[in-house]
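Each remark here refers to the structure printed beneath this line.
Lettering of chains follows the sequences in order, A, B, ..., and the numbering in each one begins at 1. This one's a predicted model, so the numbers in the text were calculated from it and none came from an experiment.
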Amino acid sequence: MIKTSALIMMLIVQGAVTLITVYLFRKVLKSNLAKKESRKSEDPENE
Amino acid sequence: MSRVTDSWGSRVGLILAMAGNAVGLGNFLRFPVQAINNGGGAFIIPYLVCFLLMGIPLLWIEWTMGRFGGKYSHHSTPFILDTMHKQRLWKYIGVFGIFTNVAVAAYYCYIESWTIAYMYHSVIGTFDGMSQDQVAGFFGDYVNVNKTMSGIPYESVWFYLFCLLLNTWILSRGLRGVESASKIGIPLLLLFGFFLAIKSLTLGTSGASEEYPNANAWDGINFLWEPQFDSLANPKVWFAAAGQIFFTLSVGMGTIQCYASYVKENEDIALNSLAAGFTNEFVEIVLGSLVVIPIAAGYLGMDWVLKNAGFGMAFQTMPFLFEKWGPVFSAVAGFMWFGLLFFAGITSSLAMGTPWIGFLQDEFHVKRETAAWSFGLFVLLLGLPTVFYFTYGVFDEYDYWAGTFSLVTFATLETVLFSWIFGAEKGWEELKKGAEIRLPEFYKYILKYVTPLMLILVFIGALITPEGNDWNAAFQSLREGNGWPMDNASIIKMIQNADINEKITAAIEAEQNMLVSELQEKKLYITGARIVLLLAFLFIAFMVYVAARRRGKNEKTK
């Protein structure tokens, strides 16, 4: 079986890296969306 | 001046291309082996410390340098560095940022071509029914150009040429081609990686056999993740962690600067660089640790893994282990494993082509397609000796001088330039332009003091690596007045050709005449490889000199 100490270490490190990666990508995508929205509102012809 | 009109099609495309540049074969093959050899779960502590203090700052430094140079229409390191300080020497230090890529691509494309060949052989069932020794022997025969495994003469040469053509064709499509390859490659790599990771996590003790009764996949996971905190006091572990961070992020090559030079002046680089860096870490820490070691431990036991863990496992062992999953599933797993390595490889080798192309476009107004094909030709000329004389150690020489020495040297020098000459304050302000994430101010001081010092230490570590990489024993020897025992892998000993000279001396003393002539022949090829690399460096330096003169003349006539 997987030892408890190994499992804890693995879950903490892999969990933290996964969460940070997802957070950063979410931030990138949200910012992209906001930019698109602002471009649309600035240029109503494209709507 | 510049005729470069290329630009990134989308922000996600840029991040995936940067992540693809960093994600390479080392994520799946180097990281787990380093972790096993350096304290298992405890290795992750120095590894993460180095990522925070050296990895992230280096990413920021290179992204900032690239965007800064791009503002002046420079897309390769010689003239990017030139814009940062007017001392002409920096241009020639920037040559490393083109040379490293061409020289690494020369042998990296060869490894990449192995993955294509192994995908093909997995699908057609070449490994069906082969013993462990036969699978390992297949690799030896494959890299020996005089043998044929599929009835096609010079099989490895054809796969190499195909791989190089594919790379060159994608590069000739410009940044959009690179972006498309990354948008296809990275998701597929993740998909294949998840599949193999799930398989390894559910393997348990089901792979134990009469030959390996103690085989257990969980032993592999335990060994990788159980912290052995006493190893933290060993400098070797810290050097290994710093080295891994360095290689995994593909810093010190000039590719990040080149990619970033196509980012517009006020577009974000702070968040983008973090997203790309963490994607690489995700692939390395989450997927890289869950494939090779647990699967090998699951069938061969941890004792075997500890004795044999290394780069060769990917080609010499994995196909044999997949055979245990039945003919259909083994073909699928083999295709996925080598496909994963192929996508990891091609997204990196494409990045290696862009600095040369950018340089020719900027300085000599060469068309993108012509520049891409000239890259292919340059790589072919440099790479063929690694294919034909692989068994003579030419490949290893390229790997050492281009893939290790040049990288460490260039990263150290560019960091000194950025932090101490260009100025960390100015650099920090440059990085913050358009930033879409709040950067902690203390990082300015890390950029100014910690990162350059860490890199200088890494450089010194590579220069005088102690015997057996045992730093404690070396310091003990120094204290006792016995001097510093240097390893043959240190830069100083490598320059002296110490390893092969020692072997020749031993063979002469043992009167093994055949071995002596074999070793002398090998030494000749090693020297030849060094001369070829030096000539390539000098050729690029000469082109930079010509480009600088042309610029000077153009400025005078204006």
Do you know which of Val17(A), Leu29(A), Val28(A) has the most heavy-atom pairs with chain B at a distance under 4.5 angstrom?
Val28(A)

If the cut-off is 3.5 angstrom, what donor-acceptor pairs do you find between chain A and chain B?
unit_1   : atom_1 : unit_2    : atom_2 : d
Met1(A)  : O      : Asn222(B) : ND2    : 3.2
Lys3(A)  : N      : Asn222(B) : OD1    : 2.7
Lys3(A)  : NZ     : Glu226(B) : OE1    : 3.3
Gln14(A) : NE2    : Ile285(B) : O      : 3.1
Gln14(A) : NE2    : Ser289(B) : OG     : 3.2
Thr21(A) : OG1    : Phe278(B) : O      : 3.3
Ser31(A) : OG     : Arg11(B)  : NH1    : 3.0
Ser31(A) : OG     : Glu436(B) : OE1    : 2.4
Ser31(A) : OG     : Glu436(B) : OE2    : 3.4
Lys35(A) : NZ     : Glu436(B) : OE2    : 2.9

Measure the spacing between CZ of Phe25(A) and CG of Leu274(B) and express it to the nearest 0.5 Å.
11.5 Å

In the structure I gave you, are the side-chain heavy atoms of Met10(A) and Leu224(B) within less than 4.5 Å of one another anywhere?
no

Residue, of Leu271(B), Ile221(B), Leu290(B), that accumulates the most heavy atom pairs under 4.5 Å with chain A:
Leu271(B)

Can you list the steps and then say if Ile437(B) with Leu24(A) is a side-chain contact (heavy atoms from CB on, under 4.5 Å)?
CA-CA 9 Å; Ile437(B) 193 167; Leu24(A) 292 168; 4.0 Å; yes

Using non-hydrogen atoms and a 4.5 Å limit, figure out which bit of Ile285(B) sits close to chain A: side chain, backbone, both or neither.
both

Does Ala181(B) have any side chain to side chain contact (heavy atoms under 4.5 Å, CB included) partners at least two apart in sequence or in another chain, and if so, which?
Ile170(B), Leu350(B)

Identify which part of Leu7(A) has an atom lying under 4.5 Å from any heavy atom of chain B, answering side chain, backbone, both or neither.
neither

